Chemist: 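Input: one structure, supplied below.
All values reported here derive from a predicted model rather than from experimental measurement. A note on names: the letters A, B, ... follow the listed sequences, proteins ahead of strands, and every chain is numbered from 1.
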Amino acid sequence: MEAQEILSQLNEEQRKAVEASEGPVLILAGAGSGKTRALVHRIAYLIDVLGVSPGRILAITFTNKAADEMRSRVDQMIGFGSGEIWVSTFHSLCVRILRRYAELLGYTRYFSIYDSDDQLSVMKSLFKQKQIDTRYMKEKGILARISSAKDELISPEKFSRIHTDFYGAKVADLYRSYQDRLSENNAMDFDDLICNTVRLFETHPDVLGVYQERFRYLMVDEYQDTNTAQFRLVSLLAGKYRNLCVVGDDDQSIYKFRGANIRNILSFEEIFPDAVVVKLERNYRSTGTILDAANEVIHHNRGRKDKRLWTKNPEGSKLRFRTFSNGFEEAEYICGEIASAVRSSSRCYRDCAVLYRTNAQSRLFEEKMIMANLPYRIVGGINFYSRKEIKDILAYLKTVDNGSDNLQVQRIINVPKRGIGGSTIQKIADFADEGALTFLEAAGRAADIPGISAAAAKKVEHFTDLIGVLRAKAEVGSISELLRKLLELTGYVEELEAEGTEEAQARIENINELISKTVQYEEEREHPTLSGFLEEVALIADIDTVSEDDDRVLLMTLHSAKGLEFPLVFMAGMEEGLFPSSMAINSDDPMEEIEEERRLCYVGITRAKEQLTLTCARERMTRGERRRSEVSRFIREIPRELMELEGEREAKAGRKLELSGWGVNAGMRQALDALPPEKPAPQAALYGGQLSARAGEPSSPSSKAGETGTVDYAEGDTVRHVKFGSGTVLELKKSGKDYLVTVDFPSWGVKKMIASMARLAKVGQGDGSW
DNA sequence: TATATAGTGTTTTTT
DNA sequence: ACACTATATA
């Protein structure tokens with residue numbers, strides 16, 4: 001592609017960003033300003049115009065999803081060689097480097113990657129070993145301290161030098177022991193991946209040199225969210241040729257809690273005085289109104305780089321703000337709005353996103369989405385890979401791959417139950433410590449361990465034999481074959497089948513899903529390895545698996561929404577104490593933390609392309625108690641004239657206001673009243689969403705409410721619901737064109753639902769005697 | 001050793 | 001509200 005052709009597709013500022021190919025470049029890219037476009041064109045320009053070999057380019061993104069998108073867009077532009085470009089996240093980049101040079105740091109190439117559950121297990125066992133009273137310190141608290149130390153590249157030794165007080169010394173000691181334990185297990189946690197790569201480069205200049213030569217051109221996206229360790233890594237890599245282009249927006253810095261250092265972006269020009277600075281301030285995403293609101297809110301922050309987004313997009317409709325008496329009604333309203341948007345206009349479910357501050361809020365929405373039969377997907381929260389059954393199976397695979405990983409071996413030695421108890425496990429662990437063996441090696445010699453009965457030793461031997469067989473299988477077979485063998489020999493699935501519960505069935509489906517993931521991995525990789533698969537599993541974020549061609553409403557936290565956009569956005573829970581969180585309000589430095597919350601609010605607002613709805617609940621159940629709260633200060637920071645408040649639209653249309661704000665849910669009733677005849681809704685989730693909420697499957701409506709204004713069941717009948725199973729209809733009440741059905745589900749309690757949305761199937765006639 | 005039950009304690013955000 | 005932990009008991 002010609003230079004002219006590449007540049008002609010860009011605005012003046014974007015063009016500057018593309019043409020400044022050499023030396024340090026800082027691109028301050030406001031929300032929706034086409035920064036990915038600029039980056040993609042920059043890469044195309046480097047390759048096609050300047051003749052840079054694709055393999056010399058490294059682009060670091062925040063998520064795998066962003067990396068995939070960037071790669072495919074470059075592919076579309078230049079049509080070749082994009083596979084050679086390194087586009088990855090910090091973590092996957094580091095793993096790739098570390099696998100090659102792990103030996104230099106005292107690990108093997110099969111090192112495990114520990115997630116937060118694994119970290120917690122290690123810390124718990126250290127607490128036990130050191131007999132630490134959890135009233136004085138908490139495992140998670142210590143892990144947080146260690147994590148922030150690593151973000152700042154502070155080693156255990158340095159930590160103990162800095163913190164000489166009693167508590168600090170205690171943390172330092174735990175930090176040291178924690179690192180030792182991880183080394184023994186040939187394991188690294190997420191933070192280690194970055195730190196160890198920095199350590200590798202700093203202690204092995206020759207290795208650093210290899211990568212400096214290799215990556216002549218570096219680009220870092222979401223630069224405002226890099227921490228000190230990541231900054232150091234980037235500085236080292238760019239140290240020789242200095243072709244470093246960073247893209248970010250200080251207003252979207254929302255990961256301070258994870259060590260993000262906003263100074264990295266604010267002082268880029270001081271560190272690189274010759275930096276070319278480009279500001280992208282034209283927004284291509286949102287309506288004028290949405291942008292005005294965003295600008296006003298963020299303007300309340302101090303100490304930011306001066307900028308103001310503008311757009312040529314139409315003004316669009318006003319923001320909507322609604323309050324409800326509780327979280328249920330809030331969720332009902334949002335579901336109703338989404339249902340009516342999909343039915344009455346040409347919206348798809350995937351045009352809509354519900355954003356909230358905390359994962360806990362997703363529950364309410366999930367329930368209402370199921371009842372309303374809306375296809376949805378919850379991003380984040382309870383991760384697929386953190387489910388018990390998945391963690392168990394993965395622990396087997398990790399044991400096969402890395403026998404030094406004592407944590408995993410101990411997890412599965414008695415799963416499924418083999419009659420090996422805690423005391424036997426402890427004796428093996430002690431024996432391992434004494435003889436400097438791994439736990440698995442010690443288990444292999446169970447018969448020699450004093451205190452272990454012959455019967456117990458026999459059981460342990462069965463386990464170690466099993467691992468041996470699986471190891472042999474791993475040598476010759478594929479990952480999916482290994483997995484099937486594993487399931488066959490352990491009888492894991494059989495045990496679940498024997499349980500016969502719905503829950504066990506869901507677990508089996510999850511395991512099947514895991515099998516397909518291994519198959520999928522093997523198909524898409526040229527050289528699939530067990531380590532590679534396990535690493536992918538560890539580093540894949542939930543958001544990475546969100547697909548564009550999947551027609552569902554997306555539910556996620558504001559943090560997860562960064563980098564995404566939707567025509568219709570709902571921001572729920574706009575309440576003081578929730579957003580901004582009470583943590584921020586009551587912190588030592590409320591000013592600083594509330595500014596971070598405000599940036600989060602800014603991120604949320606700027607996700608919306610056409611319509612933004614903000615909602616709040618006056619009362620909410622949190623941790624088992626009812627709490628009332630005031631409307632969020634962020635609402636008050638949005639100019640009144642940009643918002644349409646409760647009842648205003650109805651007033652204009654000459655409607656009655658009697659329902660506004662109170663009542664069951666005025667919004668939903670309105671939406672329902674305005675609905676055209678129902679169009680068939682896709683099948684809703686079966687087992688709590690994530691995996692099984694499938695859209696687009698042919699629906700088999702068994703009740704035909706709405707269209708005909710009738711339902712084929714009556715009070716007393718038994719009906720079936722997709723999630724709640726069967727229940728008895730207690731009450732059937734006409735409400736407008738629809739019916740309000742009250743059903744008693746034995747295991748879920750009494751639920752009220754809208755007939756046209758709940759799609760209840762009649763399964764039995766009532767005998768009239770209930 | 002395995003299971004049932006009472007008691008305990010919950011940082012909001014995540015690679 | 002909920003999950004996890006320690007304890008008692010079979």
Chemist: If you look only at distance, which donor and acceptor atoms sit under 3.5 Å apart when one is on a side chain in residues 137-146 of chain A and the other is two or more places apart or in another chain?
Modeler:
{"from": "A/K138", "atom 1": "NZ", "to": "A/T134", "atom 2": "O", "distance (Å)": "2.9"}

Chemist: Please say whether more than 12 non-hydrogen atoms of neighbouring residues, nucleotides or ligands are located less than 6.0 Å from CZ in A/R418.
Modeler: yes

Chemist: Chain A on DNA chain B: first and last contacting nucleotide, 5' to 3', under 4.0 Å to a heavy atom?
Modeler: B/dT1 to B/dT15

Chemist: Check every strand shown and say whether A/S581 touches a base, only sugar-phosphate, or nothing at a heavy-atom separation below 4.0 Å.
Modeler: base

Chemist: What's the spacing between A/I605 CD1 and A/L558 CG if we round to 0.5 Å?
Modeler: 10.0 Å

Chemist: With sugar-phosphate meaning primed atoms plus P, OP1 and OP2, does A/S92 contact a base, only sugar-phosphate, or nothing at under 4.0 Å between heavy atoms?
Modeler: nothing

Chemist: Considering every strand and a 4.0 Å limit on heavy-atom distances, what is the contact class for A/S560: base, sugar-phosphate, or nothing?
Modeler: sugar-phosphate

Chemist: Given side chains that start at C-beta, do those of A/R377 and A/M556 come closer than 4.5 Å, heavy atoms only?
Modeler: no

Chemist: Base, sugar-phosphate or nothing for A/K562? Non-hydrogen atoms, less than 4.0 Å.
Modeler: nothing

Chemist: Expressed in whole Å, how much space separates the C1' atoms belonging to B/dT12 and C/dT5?
Modeler: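 The answer is 24 Å between these two C1' atoms.
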
Chemist: I want to confirm an ordering. Mapping A/N64 and A/R418 to their closest nucleotides on DNA chain B, which one lands closer to the 5' end?
Modeler: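 That would be A/R418.
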
Chemist: Tell me what A/S88 touches on the nucleic acid: a base, only sugar-phosphate, or nothing, going by heavy atoms under 4.0 Å.
Modeler: nothing

Chemist: Taking the side chain as everything from C-beta on, heavy atoms only, tell me whether A/M574 gets closer than 4.5 Å to A/Y356.
Modeler: no

Chemist: Give the rounded distance in Å between these two atoms: CZ of A/R627 and C1' of C/dA1.
Modeler: 15 Å

Chemist: Hey, is the side chain of A/R363 poking within less than 4.0 Å of OP1 or OP2 on C/dC2, counting only N and O atoms?
Modeler: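 For A/R363, the contact criterion (side-chain N or O under 4.0 Å from OP1 or OP2 of C/dC2) is met.
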
Chemist: So what does A/K256 touch, heavy atoms closer than 4.0 Å: a base, only the sugar-phosphate, or nothing?
Modeler: nothing

Chemist: Which heavy atom of A/A572 sits nearest a heavy atom of A/T615, and at what distance?
Modeler: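 Taking every non-hydrogen atom into account, CA-OG1, 3.3 Å.
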
Chemist: Can you name the ring pair (Phe, Tyr, Trp, His ring centres under 6.0 Å) partners of A/F463, sequence neighbours left out?
Modeler: none

Chemist: By the 4.0 Å heavy-atom rule, please label A/Y255 as base, sugar-phosphate, or nothing.
Modeler: sugar-phosphate

Chemist: At under 4.0 Å between heavy atoms, what does A/D191 touch on the DNA or RNA strands: base, sugar-phosphate, or nothing?
Modeler: nothing

